[in-house]
Amino acid sequence: MAVKTDQRGNSRVVFERGIPAQMMGIDGTWRRECTMEDVSESGAKLTIDGSVEGLHLKEFFLLLSSTGLAYRRCELAWVNGDQIGVNFLKIGEKKKKARSTAVGA
């Protein structure tokens, strides 16, 4: 495990072998095994097991425990082959974004 600083100045923990995790659709209709390669306070880099084709990746859960008790709500930031970058969403963040967009319209 190593700590590095990314382009945005965030401290990022890089895992030598990765941490097993699962991605799950917000509505629970799909799941994919993945490996968390690195993580920061604001997001993570994941390597996906299998295809992401046809999955609704705009917003999903990253399950960090087998019981599902440790999780983060995520939105897709970027895709590069079988790796994706995700931003962690804070509670109420989507509502605030939607509300500010509606007011500015």
Side-chain angles (χ1 to χ4, degrees):
M1 184 169 69
V3 177
K4 296 182 179 179
T5 302
D6 68 12
Q7 295 168 341
R8 294 173 302 261
N10 293 326
S11 289
R12 184 163 289 280
V13 177
V14 180
F15 303 107
E16 194 173 308
R17 293 191 176 98
I19 303 292
Q22 287 189 348
M23 300 164 48
M24 183 178 79
I26 292 291
D27 59 2
T29 58
W30 60 267
R31 268 190 197 229
R32 282 291 181 284
E33 298 286 328
C34 65
T35 302
M36 187 167 52
E37 304 295 341
D38 67 34
V39 66
S40 72
E41 185 178 329
S42 62
K45 177 168 65 173
L46 309 174
T47 300
I48 311 300
D49 295 350
S51 173
V52 294
E53 205 169 315
L55 300 181
H56 182 67
L57 289 176
K58 179 153 176 65
E59 196 173 329
F60 59 93
F61 291 112
L62 176 61
L63 306 175
L64 301 168
S65 72
S66 58
T67 60
L69 294 176
Y71 65 91
R72 294 298 303 258
R73 195 170 186 148
C74 303
E75 67 179 357
L76 182 65
W78 53 266
V79 178
N80 185 3
D82 66 346
Q83 291 190 326
I84 65 170
V86 299
N87 295 320
F88 297 140
L89 298 174
K90 293 179 175 68
I91 295 173
E93 191 172 39
K94 277 293 187 187
K95 290 178 185 173
K96 286 179 188 173
K97 283 183 182 177
R99 199 176 306 129
S100 64
T101 304
V103 171

* Output all residues satisfying side chain to side chain donor-acceptor pair (under 3.5 Å) with Asp27, sequence neighbours left out; order by chain, then residue number. => Thr29
* Value rounded to 0.5 Å, distance of CD1 in Ile48 from CD1 in Ile84 -> 4.0 Å
* **Minimum heavy-atom distance between Ser40 and Ser11, given as atom pair plus value** => CB-O, 3.3 Å
* Is there side-chain contact between Trp78 and Lys45, with at least one heavy-atom pair below 4.5 Å? -> yes
* When rounded to the nearest 0.5 angstrom, what distance separates OG1 in Thr47 from CE in Met36? -> 11.5 Å
* **Check: Arg72 and Val86 side chains under 4.5 Å, non-hydrogen atoms** => no
* Structure fact -> Interatomic distance, CG@Leu63 vs CG@Leu69, rounded to 0.5 Å, equals 10.0 Å
* Asked: Do the non-hydrogen side-chain atoms of Phe88 and Val39 ever get within less than 4.5 Å of each other?
  -> yes
* Structure fact -> When every non-hydrogen atom of Ala70 is compared with those of Ser65, the smallest separation belongs to N-OG, 3.2 Å
* With rounding to the nearest 0.5 Å, note down the distance linking SG in Cys74 to CG in Asn87. => 8.5 Å
* Residue pairs passing the salt bridge (charged side-chain N to carboxylate O under 4.0 Å, His left out) test where at least one lies in residues 29-38, sequence neighbours excluded -> Arg12-Asp38
* Where does the angle between the aromatic ring planes of Phe60 and Trp30 fall among parallel (under 30°), tilted (30 to 60°) and perpendicular (over 60°)? -> tilted
* Kindly compute the distance separating CD1 (Ile19) from CG (Leu62), expressed to the nearest 0.5 Å. => 11.0 Å
* Supply the atom-to-atom distance Ile26 CD1 to Phe61 CZ, rounded to the nearest 0.5 angstrom. => 4.0 Å
